[in-house]
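Some notes on the structure that comes next.
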There are 2 protein chains.
Amino acid sequence: MATHKKEAFTQKEQDLAAFAKALAHPARIAILKVLAQRNECICGEIVEILPLAQSTVSQHLKELKNAGLINGSVDGPRSCYCINWKAFEKFNQEFSWLFTNLKIKNEKSCC
Amino acid sequence: MATHKKEAFTQKEQDLAAFAKALAHPARIAILKVLAQRNECICGEIVEILPLAQSTVSQHLKELKNAGLINGSVDGPRSCYCINWKAFEKFNQEFSWLFTNLKIKNEKSCC
DNA sequence: ATCTTATATCGCAAATATACGATAAGAAAA
DNA sequence: TTTTCTTATCGTATATTTGCGATATAAGAT
C-alpha cells in the first residue's frame, strides 16, 4: 500500500542512506573509479569504457551529481565530471558516526 | 528493454555495489545503529524502535543478513542479530581500493 | 546556414524495492 | 494439547530503478 517512509527517520540516517544508494550500482562504482584514476575531468570517455548506452551512462552521471558525489561543468560541446572529494569525506564521517558507540569496545560478534 | 547488466562489471564493482545497496535505506541504517549500540544480539526490540511493521523489519533484516552485514541465529522463539564487523572491514578495504590511484595525489576537484 | 559531435532528456518497458496485512512455523507456557 | 508469543514468509499494491532508442539541445566545424 504505502512505499517509502523515509521521513520517519533521522536526517543523518537519510543522508547516509542516500549516499549509499548513489554507490549502489556497479556502473556508478565503475564511473567513480574512472574519475578517481584520471582526476581530470572526463566526459564521454566513460561511455566508451562502460558497457552501457550513452543515455544510460548520462543518467548514472546525473544521479551521482544529484547525490553530490561528483561535480560537473559544461566545457564547450562536452561535459566534464570529477569527484567531489569533500562529499566522500563527509560520508566517511557519517559512516563512522554509525558505529560511534562500539566498534572499538567490542569487535567480536555475539552470534 | 533490458534491466540490470550487473554481470558486465567486475566482481569487485559488484561486491561494493551490493554492500552499498544494503546500506541504501534509512531503516537499515537505523537497524545497524541499534545493533552497533548494543552489540549484544537483539531481535524484535528493533521492531518496537522502528516506525515500520514487523514484517517489513523482518524483510530488512533478511536483506542485511543476505548481504553479510549482520549475523543471525535463532534463540528459542526469538531471533538474535548482530553486526558482522569483518564484513564492514572488508567494505572499508574495497572502498579505499576504489580510489587507490588518487585521493592522496590530488585532493582537489577540477570542476 | 548547415552539418557534425557530444550530452541531456523524454517516453517507455521490464525488473526491483518497499510496505503492509495475513498467515505459517516454531518454541515456550498454560 | 492448546494457547501464546515471536519471527519468517507469502501475496499484493505501489513506487522506484534500470536500460534503451529516439529526440532535443548546444557548441563547434564546414
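Chain identifiers are assigned alphabetically (A, B, ...) following the order of the sequence lines, protein sequences preceding nucleic acid strands; residue numbering begins at 1 within each chain.
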Does A:Arg28 pair with A:Glu63 as a salt bridge, N-O distance under 4.0 Å?
yes
Does the plane of the ring in B:Phe91 sit parallel, tilted or perpendicular to the ring in B:Phe19? Use 30° and 60° as the thresholds.
parallel
Counting just side-chain N and O atoms, does A:Ser79 come under 4.0 Å of either OP1 or OP2 of C:dA8?
yes
Counting only side-chain nitrogens and oxygens, does B:Tyr81 get under 4.0 Å of the OP1 or OP2 atom of D:dT6?
no
Measure from the side-chain N and O atoms of A:Gln14 to the backbone N and O of B:Pro26, and report whether any donor-acceptor pair falls under 3.5 Å.
no
Ignoring backbone atoms, establish whether A:Ser58 has a side-chain N or O less than 4.0 Å from OP1 or OP2 of C:dT7.
no
Expressed as a whole number of angstroms, how long is the span from A:His25:NE2 to D:dG19:P?
3 Å
If I take atom NZ in residue A:Lys62 and atom P in nucleotide C:dA6, what distance separates them, rounded to the nearest angstrom?
22 Å
Gap between atoms CG and P, on B:Leu64 and C:dA17 respectively (whole Å):
13 Å
Sorted by first residue and then second, give each side chain to side chain donor-acceptor pair (under 3.5 Å) pair with at least one member in residues 43-58 of chain A; sequence neighbours left out.
A:Arg38-A:Glu45
base_contact_polar (C:dA8 base, A:Gln54 side chain, donor-acceptor, <3.5 Å):
yes
Give a yes/no answer on whether the side chain of B:His60 brings an N or O atom under 4.0 Å of OP1 or OP2 in C:dA19.
yes
Could you tell me whether B:Gln59 contacts a base, only the sugar-phosphate backbone, or nothing, with contacts defined as non-hydrogen atoms closer than 4.0 Å?
base
Whole-Å distance between C:dA6 P and A:Ile49 CD1?
15 Å
Heavy-atom nearest nucleotide on DNA chain C for A:Glu45 versus A:Lys21: which residue maps closer to 5'?
A:Glu45
Residue pair A:Ser55/A:Val74 against DNA chain D: nearer the 5' end by closest nucleotide is A:Ser55
Does A:Arg78 have a side-chain nitrogen or oxygen under 4.0 Å from the phosphate oxygens OP1 or OP2 of D:dG28?
no
